[in-house]
Structure formats: C-alpha cells, structure tokens
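Written out below as structure tokens is the structure these notes cover.
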Amino acid sequence: MRRLGIISGTIALWQDRIAREFERRVIETPYGITPVWFSADVAIVARHVEESGRVYVLPHRINHPANLAALKSLGVTEVVGLNSVGSLKLDITPGSVVVPHDFVMLYPGPTIATDAPLHILPVLSERVREKCLKAANLCGIEVVSKGVYWQTPGPRLETKAEIAMMANIADVVGMTMASEAIIAREMEIEYASLCSVDNYAHGIVEEALSLETILENSRRNAQRIATIIERYIEMMR
C-alpha cells in the first residue's frame, strides 16, 4: 500500500504506536537531515523536533525542504499536516478542526528554487482535503470544511491590530502550514492540513491569551485528530 506522510508538531500523539511498530531513521537530504518515524503505511515528521530530540525547533527555524524531502524519499506522495492555529472568527471555537482550502503568507517563505525559475501555483491538494473530510465524516467528527489560513513568521504571537486586519480575510492563523504547502507543491507532493483550533487569536475575545491555554486545548483536540488520521490510513488500504 501507499505510505501516508504526516507532519506533526511532536510525536506525542503517536507514541504508543511508534513503540510497537515504527522504525526511526535520520534521513539525509540535499537540504539537511530530518528524523522520521515510519511503518509500512505511514511516515511521520515532527516539525519541532531536531535530530537529538532534545531541542524544540522554533517555527521560523523549521527546515521545511528537508522535512518534505525526507518523506518523499520514503515514497510518500501525499501529506497531511497537523497544525495548531488560533481562530480569527468567534464562530470557529477552540476545540474545532478546520480543513483549510487556501492560505495567505505575505512575507518571503521557503523555497527549493535556486538557479532555475520555479513558479508554482500555490494551492492545497483538493484530493487530500476531500479525503480528510471523508475520514472525519466516517468517524462522526464534525469539522469546518473550508477556511483561509494566514501564516505569520513567529515565534511571537500577533498584536491585536494585526489580528483585526487578518480577520477581514482569513479564518485561522498559524506559523507553519503555508510553508509546508509551498514546499510540498514545489516537490510535487499533494498536501493538505487538519488544523486544530487551540485558542482564539489575540483580541478576538476579551480573555487574555496564554501559552498554557493553547497547549491545554491542543491536548484536548489531539485524540480527535488522531482518529481522523487513522481512518484516513484505513481508506488507503
């Protein structure tokens, strides 16, 4: 069967399965090295985990080309990114799962282009999106089927004024998904995302935003995301 690529924040969500059936390999690519955990049907990159596993890689330092190239070297042709986001809309509440259909990134992002022009059309894979939606439906998990993701460079969070501007166009805000989508497109890998809404963005509600709140909501949403991914994998068999 084909192998699904997953790019997640950490491997915590898959720890039990990894202990039973996954192999860990540090893969050398033309763009750098990346640790990958893989089995017969899935390959996982933890975007915030470096080779030794002891250092948290901040969003603006993630080596997206190496991560995608490592997955491609294992035969991966489609990737689902699992991304933590803040909501820009009151009706997209923390605990929701959004499957974006488009994104905004207005600062220079990563690319594998060097000397030759590589003018890709930056889109999310509709085929992978539809499979995510179908998997969620089969699990009885309600998701937001469309949304615009606005990427900021991080690692800081956004000001209230920035959020007010973004909310006119986008639905969620994060620091990683657009970069992954662009590199995947350049490498001819189909990519879409399951976004875990872990907080309201700064200023959307009066309650002050804290890292502790974001992490707690992320942990609560993790099992729903894992259930959708397991069904997605079953659909590939």
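- The closest side-chain heavy-atom distance from V128 to Y232 is below 4.5 Å.
- A search for side chain to side chain contact (heavy atoms under 4.5 Å, CB included) contacts involving P155 returns L58, P59, H60, not counting sequence neighbours.
- Each of R129, K131, R127 was evaluated against E190; a single residue qualifies, R127, per the side chain to side chain donor-acceptor pair (under 3.5 Å) test.
- For the salt bridge (Lys or Arg N to Asp or Glu O under 4.0 Å) test, no residue two or more places apart in sequence or in another chain qualifies with R185.
- Under the 4.5 Å side-chain contact rule for hydrophobic residues, L88 and I169 share a cluster.
- Formation of a donor-acceptor pair under 3.5 Å by the S8 side chain with backbone atoms of T10 is found in this model.
- Enclosure of atom CZ in R61 is not indicated, since only 12 or fewer non-hydrogen atoms of other residues, nucleotides or ligands lie within 6.0 angstrom.
- Cluster membership for V205 and W150, using ILVMFWY side-chain heavy atoms within less than 4.5 angstrom, is shared.
- Between V45 and I6 there is no side-chain heavy-atom pair separated by less than 4.5 Å.
- For E162, the salt bridge (Lys or Arg N to Asp or Glu O under 4.0 Å) partners are R156, not counting sequence neighbours.
- Side-chain contact of S39 with E23: a donor-acceptor pair under 3.5 Å is absent, judged by distance alone.
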Exercise. Applying side chain to side chain donor-acceptor pair (under 3.5 Å), run through E180 and Y191 and close with a yes or a no.
Key: CA-CA 8 Å; E180 291 172 355; Y191 176 97; 2.6 Å; yes

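- Under a 3.5 Å cut-off, the side chain of D171 and the backbone N or O of V148 do form a donor-acceptor pair.
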